[in-house]
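I have placed the structure first, in the form of C-alpha cells, so that the comments after it can refer back to it.
Throughout, protein chains are lettered first and strands after them, A, B, ... in sequence-line order, and every chain is numbered starting at 1. Keep in mind that what you see is a predicted model, and the values were worked out from it rather than measured.
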2 protein chains.
Amino acid sequence: MQNGSGHFLPAVSIDNVIFGFHQNELTVLLLQAKSNQRWMLPGGFIGKEEDLDAAAARILTARTSLTNVFLQQFHVFGSAKRNRKEHLGEVLRTLGIELTAESWFMQRFITIGYYALVNYEQVIPQPDETSLTCCWQDVRKLPLMLFDHEHIIAKALQVLRLQLNYQPIGYTLLPKEFPLKSLQTIYETILGRKLDRSNFNRKLLSYGILEKKEKHYTGAAHKAPFLYSFREDMYFKALENGLEKDF
Amino acid sequence: MQNGSGHFLPAVSIDNVIFGFHQNELTVLLLQAKSNQRWMLPGGFIGKEEDLDAAAARILTARTSLTNVFLQQFHVFGSAKRNRKEHLGEVLRTLGIELTAESWFMQRFITIGYYALVNYEQVIPQPDETSLTCCWQDVRKLPLMLFDHEHIIAKALQVLRLQLNYQPIGYTLLPKEFPLKSLQTIYETILGRKLDRSNFNRKLLSYGILEKKEKHYTGAAHKAPFLYSFREDMYFKALENGLEKDF
DNA sequence: CCAAAAGTGTTAGGGGTACACCCATGT
DNA sequence: ACATGGGTGTACCCCTAACACTTTTGG
C-alpha cells in the first residue's frame, strides 16, 4: 500500500466507516496519522484486478482481523478538492515521499465510502505503517479529522438511519445473545432520540427474526431481562428482501 | 472524450440512467454503438479537476441539451470483470483504437451510476461519435445492452422505488401543469403495480407540494380533470428534508 | 422497603386500503 | 343514453404513540 503505482487503480480509494457499539455509545474505528496527528478512516486502494467489494473487505480485515462482516457501499465522495488540503503535504513528508507534482499520491482522488457494523468486543484494532494508533472513537465526540473524513462519517450515519427502516440492524453489532434493551439503545443512538420500550419490543419481535432464550443474570438492581438471539435464516432473508414497507 | 488519457481520470467512468416518461411508459435514454449494435447508457469520464457531480451533469447535458435536472448518484459498479467482455474488442476496433494491453480504454473501469428524471418532451437526443443513434427505449423492453448496462438500469430502478418513499418525484418528469392521473401513472410504472386513485390523490395532496389549477380540456370521453403544478418552494424543501417518515 | 428496569396491557388517533357513489364529458 | 374516468366520501383495519400497572431484582 505504500507504493501503489503498480498494483492499484489510480485516482480511486476506499474509506471504511466501521461502527461498533460500546457502553451505550456508537463508536467508529479510526487511525491517527503519524504526520500531523489528525485522525482518519481506515482506507486503502483497489487492486488492479480486484472487485470493489473485495477491496473494501480486505481493508476492513487488515484493521480489525474480522471477516464476513456487514459491509456496504454507501456513497462516493468526488469533490475535486477533497484531498488537496494543507494536510496532504504533511502526510507525504512523513511517509518519506517526495512532493513532486507527479507523485502517485499527489493526484486527485475519488473515494468510495463503505460502512460496516461490527461487534466491538471481537475487534483487535491494528494500526498501519502510517499511523500512531488505531482505536475506537465516540461518534458524537470526533477528534480533529483528516481531509473530509468527518463529512464521510456524517453521511454514513445519515444513510444508516434510513437503512434502519429496511434492514435488520444489530446482528453484527451484538454478541450472540443479548437483552432487547441493548438493541433498543443501538436504535436510539443511531436515530438520536429515545424510543418507547414497550413499542420497540413489540415491533422488533413482530418481525420474527428474534428468538427468546433463557434468563439473564446481571449485577444490576433490577429485574433480569430475557436474552434474545437472531434467527439466522430469517435474518439473512430480511437482509435480502428488506423488512417490508413500501409506498 | 475520444482520447482521454490526458484530460480525464483513469479507471473511473460515469454512466447516466436518464428516465423519461412518455405515453404512460417509463423510458430510458440510450445510445446504440456503431461497433456492435449493442445499446449503452450515456456515459463519460471525469475531468482531472472536475467535481464528480459536475461531470455527470456535463455528460447528461451533452446528450439531452438539458441543464439543471434532477440527477443523483446511486451506486458504484466495481466488478473487476464488468467491462472485459467480448464487447470491448469490437468497440475499440470501430473507434480505430489499437488493441494493445496498454491502451487507455483497455484498463479495468469502475463506473459510477447516476440517475436522472427528465421531461421527455424537452429532450433533444444527441448521439455521440461512437453511436448510430440516441433515443428513448421502454424500460420494460430493453434491447441488447453493452457490458453490464442492463444491470445498472435495474439497480437504478430499484433505488428509485425506495426514493419514492422519501423524495417528491415527478416535478422533473412532467410538464408545468398536469393532471394527477399522470403522476399516479408514473408512480405505478416505477412501482410496477396499480394504486388506488382515491387514496393516491389524498396522499399526494396531503404533502402540500401540489397546487390546484384550472380545468383541463381534453378530447377524451370523460370528465375533464383538474390540472396541478408543483409548489416550487415546498418541492425543494421536501427534496432536502424528505417527506417525513422514520422509524 | 425502595429504586430501577423488565414485562404486560390498554387506549386513542392516524394513515392506509378497499370500496361505494355521484359528476362531467364525448361518442 | 351510455361508457369512461374524475371527484368525493366512508367504513374498516392495522400500526403506532403514549402511558399505566405489575413483577423481579439488588441495594
Short side-chain to backbone donor-acceptor contact, Asp196(A) and Ser198(A), under 3.5 Å: yes
Spacing of Leu205(B) atom CG relative to dG16(C) atom C1', expressed in whole Å: 16 Å
Tyr207(B) OH to dG14(C) C1', straight-line distance once rounded to whole Å: 14 Å
Sidechain-backbone polar pair: Ser131(A) side chain, Pro127(A) backbone, donor-acceptor under 3.5 Å: no
Summary of protein contacts for nucleotides 5-11 of chain C, nucleotide by nucleotide, where a base hit scores B, a sugar-phosphate-only hit scores S (4.0 Å, heavy atoms): SBBBBB-
Anything under 3.5 Å between a donor and an acceptor, one on a side chain of residues 114-122 of chain A, the other on a protein residue two or more places apart or in another chain? List them.
{"from": "Tyr114(A)", "atom 1": "OH", "to": "Asp53(A)", "atom 2": "OD1", "distance (Å)": "2.5"}
{"from": "Tyr115(A)", "atom 1": "OH", "to": "Gln163(A)", "atom 2": "NE2", "distance (Å)": "3.3"}
{"from": "Asn119(A)", "atom 1": "OD1", "to": "Glu121(A)", "atom 2": "N", "distance (Å)": "3.1"}
{"from": "Asn119(A)", "atom 1": "ND2", "to": "Leu174(A)", "atom 2": "O", "distance (Å)": "3.3"}

Pair Asp15(B)-Thr111(B), side-chain donor/acceptor within less than 3.5 Å: yes
Separation of dA18(C) P from Phe200(B) CZ (nearest whole Å): 16 Å
Between dC14(D) (C1') and Lys203(A) (NZ): distance, integer Å: 12 Å
From Leu157(A) atom CG to Leu26(A) atom CG, the distance as rounded to the nearest 0.5 Å: 6.0 Å
Check: Glu211(B) side chain, Ser229(B) main-chain N or O, donor-acceptor pair, under 3.5 Å: no
Side-chain (Gln32(B)) to main-chain (Gln37(B)) donor-acceptor, under 3.5 angstrom: yes
Salt bridge Arg140(B)-Glu25(B), side-chain N to carboxylate O under 4.0 Å: yes
Length of the CG-C1' vector between Leu183(B) and dG7(D), whole Å: 17 Å
The helix from dC1(C)-dG27(D) to dT27(C)-dA1(D): angle between end helix axes, five pairs per end, rounded to 10 degrees: 0°
